[in-house]
Amino acid sequence: METSKKVETNWYPEKSLLVTQLSGILEKSDIENWEEEFVSTLENLEDNTQFKLFVNLQGFTAANLEAHKRFRSVIPLTLANYGWKVGYVNLFEEEAKQMTIRTSRGIQCIGVAHSHQDQTKMDLYESRFSTEQEHYFLDPTAAREWIENLQFNQS
């Protein structure tokens, strides 16, 4: 039985929450469509918006190496344009050193919850890369609840 594909990004302005989701066995073209929607949603935020992000990858599998390669840089490179360095980029020291973190139109990411079914990966990422503003979850419901309740820093 094939898992149905889900590729979507939604903005919830009342919660300052962006939710992006991938599930199913996805081809490179699916990843490209998701990236286009993800980036477009961010580009359409009002100037000087602060947002939280829930990256829900429950049930996602890249169909092949080409799809995986296309997928793996989308979140880190996109968020780098919104003031955020994803913790797990430190797994790739050379890429991490070359990454430029900046903000576009004053739009800034202030927290990220990641959810994926790979327990080994999520445990590793949570132990090595989690912070007060970024966590890694097996349970997408717990991830969504945590990110929704994350408070904005008052500066």
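Quick note: residue numbers are just sequence positions, from 1.
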Over all atoms of both residues, closest heavy-atom pair of [X] and [Y]:
X	Y	value
His116	Asp118	ND1-N, 2.9 Å
Trp146	Ala113	CE3-CB, 3.8 Å
Pro140	Phe54	O-CZ, 3.5 Å
Tyr82	Thr78	CD1-O, 3.2 Å
Gly87	Phe129	O-CD2, 3.3 Å
Leu26	Lys5	CD2-CG, 3.6 Å

Hey, is the main chain of [Y] close enough, under 3.5 Å, to the side chain of [X] for a donor-acceptor pair?
X	Y	value
Thr103	Gly106	no
Gln133	Ile110	yes
Glu134	Gly111	no
Asp123	Thr120	no
Lys52	Ile147	yes
Gln119	Gln117	no
Ser130	Ser127	no

Cluster overlap Val74 with Val39, hydrophobic side-chain contacts below 4.5 Å: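 No, separate clusters.
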Gap separating the [atom1] atom of [X] from the [atom2] atom of [Y], nearest 0.5 angstrom:
X	Y	atom1	atom2	value
Trp11	Leu18	CH2	CG	6.5 Å
Tyr136	Met122	OH	CE	7.5 Å
Thr20	Asn10	OG1	CG	8.5 Å
Ser16	Leu150	OG	CG	11.0 Å
Ile75	His114	CD1	NE2	8.0 Å
Cys109	Leu45	SG	CG	10.5 Å

- request: Please assess Arg144 against Leu17 for the test side-chain contact (heavy atoms from CB on, under 4.5 Å), listing each intermediate value before the final yes or no.
  value: CA-CA 10 Å; Arg144 175 88 182 235; Leu17 180 64; 3.6 Å; yes
message: Can you confirm whether Ile31 sits close enough to Leu22 that some side-chain heavy atom of one is under 4.5 Å from a side-chain heavy atom of the other?
response: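 Ile31 reaches Leu22 side chain to side chain.
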task: Please name all residues satisfying side chain to side chain donor-acceptor pair (under 3.5 Å) with Lys15, sequence neighbours left out, ordered by chain then number.
output: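 So Lys15 forms a side chain to side chain donor-acceptor pair (under 3.5 Å) with Glu148.
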- request: Mind checking side chain to side chain donor-acceptor pair (under 3.5 Å) for Thr49 and listing every partner two or more places apart, or none if nothing turns up?
  value: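 Partners of Thr49 under the side chain to side chain donor-acceptor pair (under 3.5 Å) test: none.
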Ring-face cation contact, Phe60 with Arg72, 6.0 Å cut, 45° max: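 Arg72 over Phe60 ring: no.
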Residues Val55, Val86; criterion side-chain contact (heavy atoms from CB on, under 4.5 Å); working and verdict: CA-CA 11 Å; Val55 181; Val86 176; over 6 Å; no
task: Sort and list the pairs that fulfil ring pair (Phe, Tyr, Trp, His ring centres under 6.0 Å) and have at least one residue in residues 23-53, not counting sequence neighbours.
output: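 Of all non-adjacent pairs touching residues 23-53, those that pass ring pair (Phe, Tyr, Trp, His ring centres under 6.0 Å) are Trp34-Phe38, Trp34-Phe71.
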- prompt: Passes salt bridge (Lys or Arg N to Asp or Glu O under 4.0 Å), Arg70 versus Glu35? Steps please.
  reply: CA-CA 9 Å; Arg70 187 74 179 94; Glu35 179 182 20; 2.6 Å; yes
Can a donor-acceptor pair be found between the side chains of [X] and [Y] at a distance below 3.5 Å?
X	Y	result
Arg105	Asn48	no
Gln58	Ser115	yes
Asn90	Lys85	yes

message: Looking only at the aromatic ring of each residue, does the gap between the centers of His135 and Tyr125 stay below 6.0 angstrom?
response: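 No - the distance between ring centres of Tyr125 and His135 does not fall below the 6.0 Å cut-off.
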message: For Leu91 and Arg128: C-alpha separation, side-chain torsions, deciding distance, then whether side-chain contact (heavy atoms from CB on, under 4.5 Å) applies.
response: CA-CA 10 Å; Leu91 284 170; Arg128 289 187 58 193; 3.6 Å; yes
query: Taking it one step at a time, do Trp84 and Val112 satisfy side-chain contact (heavy atoms from CB on, under 4.5 Å)?
result: CA-CA 9 Å; Trp84 190 265; Val112 182; 3.5 Å; yes
Heavy-atom neighbours of Gln108 CD exceed 12 at 6.0 Å: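 Atom CD in Gln108 is crowded, with more than 12 foreign heavy atoms closer than 6.0 Å.
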